[in-house]
Structure formats: C-alpha cells, structure tokens
Number of protein chains: 2
Amino acid sequence: MSTAEETSGGEMEPWDEVTPDAARRLLVAAVEAFAERGYHATTTRDIASRAGMSPAALYIHYKTKEELLHRISRIGHDKALDILRTAARREGSPAERLADAVGSFVRWHAGRRTTARVVQYELDALGPDARAEILGLRRQVDAEVRGIIQDGVASGEFDVLDVHGTTLAVLSLCIDVARWFNIDGPRTPDEVGALYADLVLRMVGAK
Amino acid sequence: MSTAEETSGGEMEPWDEVTPDAARRLLVAAVEAFAERGYHATTTRDIASRAGMSPAALYIHYKTKEELLHRISRIGHDKALDILRTAARREGSPAERLADAVGSFVRWHAGRRTTARVVQYELDALGPDARAEILGLRRQVDAEVRGIIQDGVASGEFDVLDVHGTTLAVLSLCIDVARWFNIDGPRTPDEVGALYADLVLRMVGAK
DNA sequence: ACGCACGCTAAGCGCCCGCTCACCTTGGGC
DNA sequence: GCCCAAGGTGAGCGGGCGCTTAGCGTGCGT
C-alpha cells in the first residue's frame, strides 16, 4: 500500500495537447475560473482577462463558453480513465492493483484539484450531447474499478457482498477528495492517496 | 449493522419551522431549483414561478436571493448535525453508534437528496459571514463523528491509525451520496445506508 | 516590396438578470 | 362601515451577460 511509482501527482500540465498557445491559455484560465466560482458564475470576460486577452478573443478559439467546459471535461475524463486503466492493467495481485488505482486516482484529484473539480462537479452544465459523451467515459471508469474488485472476489482475495455498490462507494470516496482537499492543508496528495488506498483495501476485506 | 430504528429517512418535510406559508413555499421552491440547476444558474423569477407567485413576491419575505440560500443551508446543517448527535449520544458500543450515525446520515443524504445537494455543494455561493457560520456547524459535524471513532479506538474496538483522516473519509463518503444518488435508481436510501454502515465499520477495523 | 490571412481588439447589440416601486387587494379591529 | 397593516402584483430600472461585427496590426509567402 506504500509504493507510489505512478504518475498522476505528476505536476506537468496535461494541456499540452491544446494548441495554439492562446487557446491553451484561455482553457487554463477557464479551468481556474470554473473551479473557483463555478461554470455559471464565471463570465467570458473573466476568462479572457485571466488569459490577458480581450473578451472577443475567446470566440476565435471556441464557439461558445460551453465548448470550453466540454473540452476541459473531455480531456480531464480521458486523463482520469488513463490513470485507472494503467493501474488496473499492470501485473500484480488484485489488492496491489486496487491500491495503485485508488492511490493514483486520489493523487490526481488532490494534486490537480482545480481540474478535478470542474470535471466532477460541472457535468450538469453541459448540453445533452456533450453530457451523454462524458457519461459514457464515466461508465468506463466504473468498469475499470469494478473489474479489479471482481478479480479479487473471484480469486477469494476480497470479501465483498455487493460488488456494484462497493465500486460506487470506492469511486465516490475518491471523487469527493476534489471537494474538500486543500493544497494548503496538513496533508499532501501522496499522504491522502496512501491513506485512501489503505481504507479501500479494508472496505473490500482484502486479506 | 442492520438495525435502522432512527429517523432521518423520515419523510416529513423539515421546513415546518419556516413561516408564514408563502415564505415556506418560496423556500421549498428555491431548494428544488438550486438542487436542479445550481444557485448561480437559478433565477429569482424561476423560484417565484415555482411557488406560484410573481417575481416581486420573493422580496417581501427575503431580502436577497442569497438570504434564501443562507436559510436553507442553516436549517439543513442543523438537521444533519441533529441526526449525527442523536446517533453519537445514544447508548451502545462505538460500532453500534458509528453504524447508526453513518446509516442515518446516509439515509438523509439519499432520501432528502435535493436539500443535501444544496447544503453540501452551494456553500461557496454564500458571502463571508454566512459562510463562516456554516463552517462552524461543519466543524461540529466533524467533531461528532471523530468522537465516536476515538471512543472505539480508546476501547480497542477499532483499529485506526489516522483518526482525523479516517473521520474525514467517512464523512466524505456519506456526503458524496448526495451527488450520485438517484431516487429512480436501483437502491433505496435504506439499502445504501446499510451498505455504507458496513463499509465504514470495515474502514475503522471494527471487531 | 507587398498582399493578405490570421489573431486580436473596441464597440456594442439584444437579452435577461437581481431587485425596486407605485399601486392594488383583502380581512380583522373598532 | 371604515381604515389600515400585511401581503401581493405589473412594470420597469440599471447593469452585466454571452456573443457579434467591423476593422486594425503584423508576419510570412512570393
């Protein structure tokens, strides 16, 4: 439960794929603004001025304010899914894989809290189509974690009565980190990741 | 871990204390609107029309839209705290008290999901003074749960390394129910409460 | 050397927001 | 029967919203 070889706390900004530079600056500004004040309370003027540009500049790179949220949400969910897949598909016992998955997932939610907040809590601000796309990614996230837990149950390593419910609870626990985690607080993302990995192993009754 | 004698799922509307009748109808309308679309995305016209009144009627009973949120948040936190205190101070072993606390707290977050959503997720929309008042209530919520866990550790019934961190995780798990719970979904509030009480007893290593 | 595509800005349009105000009903006390 | 407080309405205010448009500067291909 202690090894932390995976990325995730990795402090590199994952927005490198967004080009050109001005579009990326606007997107990063939007992440900060949405995380601080919420999507609906954020104005396009606020986003533009954080990026050092005029309000109209936003519309050169994005059709609407909602497209910004959609792009952020899409990239964030891709990253979260990638983190879980990497942990789920490494070699090792179900307990090791689950601890790795929870540890890296929590480190991401804590270390990249602004992004995670937008990704996890602003889903309802998306229109129906974008929302449906993101919900598809969430089902894949759920499937990865459920897969690990099922493996542990099948091998007799875990003791779980309600696999779906426990999966939901594990993900719920990780996701809520984005709500309460404070970078100035007493815990580092690594510490929270380690604590949560331990707690989750207890939840599944790992031997 | 199975007994569920406590209230909390109790379906009586807790808004009886709000008078006169028109003020209560406006407040209930605001809870629904805030829960569905968020505080900032909700208009005063929407609240008033849900209550069957004109937009101006709102300002007879409340000074501002924010006062509505403040009242909702205050009453909701009082209720949540009351639920936890009742469970924490009953007689019984730490494990029984913790299971009761988690069970009733979760049943409230699931059964009264609209209120819980507003209470737990719209805190940042309050001004500094109201925010500080509510944060004080949250510290009392934390203290109640921490107290039970500390009792269990002291009596040797629980095995917990990080009491503060585990308390945070337990509350976090319960609170996030308000985000994902769907009244039309496969689980009843009672079922989720029972599942979560079991999971939390595992988290604290209850004998 | 020059044109023009591209990235950006200043200005502003139409709309809807939170909130106010002048006025209208209604029901109980005398 | 009359009055007035309490509770309601319709109209509308000042302002800020998301977004558009006309035009400007600059760098690159030729």
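Values below: every heavy atom of this structure, side chains too, minus hydrogens, waters and symmetry copies. So that the names make sense, note that chain A is the first sequence line, chain B the second, and so on, each numbered from 1.
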Short N/O separations, protein against nucleotides 23-29 of chain C, under 3.5 angstrom:
none

* Assess the side chains of B:Gln140 and B:Arg85: does a donor N or O sit below 3.5 Å from an acceptor N or O? => yes
* Will you find, in the side chains of A:His70 and A:Glu133, an N or O donor that is under 3.5 Å from an N or O acceptor? ->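 Judged by distance alone, the side chains do pair up.
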Taking only nitrogen or oxygen atoms into account, show me every contact under 3.5 Å that the protein makes with nucleotides 6-9 of chain D, one pair per line with its distance.
| from | atom 1 | to | atom 2 | distance (Å) |
| --- | --- | --- | --- | --- |
| D:dG8 | OP2 | B:His61 | NE2 | 2.7 |
| D:dT9 | OP2 | B:Ser54 | N | 3.0 |
| D:dT9 | OP2 | B:Ser54 | OG | 2.9 |

If the threshold is 4.0 Å, N to carboxylate O, is there a salt bridge linking [X] and [Y]?
| X | Y | answer |
| --- | --- | --- |
| A:Asp142 | A:Arg138 | no |
| B:Arg131 | B:Asp124 | yes |
| B:Arg117 | B:Glu36 | no |

* **Closest non-hydrogen atom pair, A:Ala22 against A:Met53** =>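 Shortest heavy-atom contact: CB-CE, 3.8 Å.
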* Asked: For A:Met203 and B:Arg202, which heavy atoms make the closest approach, and how far apart are they?
  ->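 A:Met203 and B:Arg202 have their closest heavy atoms at O-NH1, 2.8 Å.
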Atom pairs under 3.5 Å: protein N/O with N/O of nucleotides 22-24 of chain D:
none

Residue pair [X] / [Y], side-chain heavy-atom distance below 4.5 Å:
| X | Y | value |
| --- | --- | --- |
| A:Leu126 | A:Ser73 | yes |
| B:Glu144 | B:Leu81 | yes |
| B:Tyr39 | B:Ile72 | no |

Protein and nucleotides 15-18 of chain D: nitrogen or oxygen contacts under 3.5 angstrom:
| from | atom 1 | to | atom 2 | distance (Å) |
| --- | --- | --- | --- | --- |
| D:dG18 | OP1 | A:Thr42 | O | 3.2 |
| D:dG18 | OP1 | A:Lys65 | NZ | 3.0 |
| D:dG18 | OP2 | A:Thr44 | N | 2.8 |
| D:dG18 | OP2 | A:Thr44 | OG1 | 3.0 |
| D:dG18 | N7 | A:Arg45 | NH1 | 2.8 |
| D:dG18 | O6 | A:Arg45 | NH2 | 3.0 |

* **With B:Asp21 via salt bridge (charged side-chain N to carboxylate O under 4.0 Å, His left out) - residues at least two apart** =>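 For B:Asp21, the residues satisfying salt bridge (charged side-chain N to carboxylate O under 4.0 Å, His left out) (neighbours in sequence not counted) are B:Arg24, B:Arg25.
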* Describe, in one word, how the ring planes of A:Phe105 and A:Trp108 are oriented to each other, choosing from parallel (under 30°), tilted (30 to 60°) and perpendicular (over 60°). => parallel
* Please give, in whole Å, the distance from D:dC19 P to A:Leu26 CG? ->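 Rounded to the whole Å, the gap is 14 Å.
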* To do: For A:Tyr62 and C:dC8, give me the distance from atom OH to atom P, rounded to whole Å.
  => 11 Å
* Asked: Mind checking what makes side-chain contact (heavy atoms from CB on, under 4.5 Å) contact with B:Ile75, not counting sequence neighbours?
  -> B:Trp15, B:Glu17, B:Val18
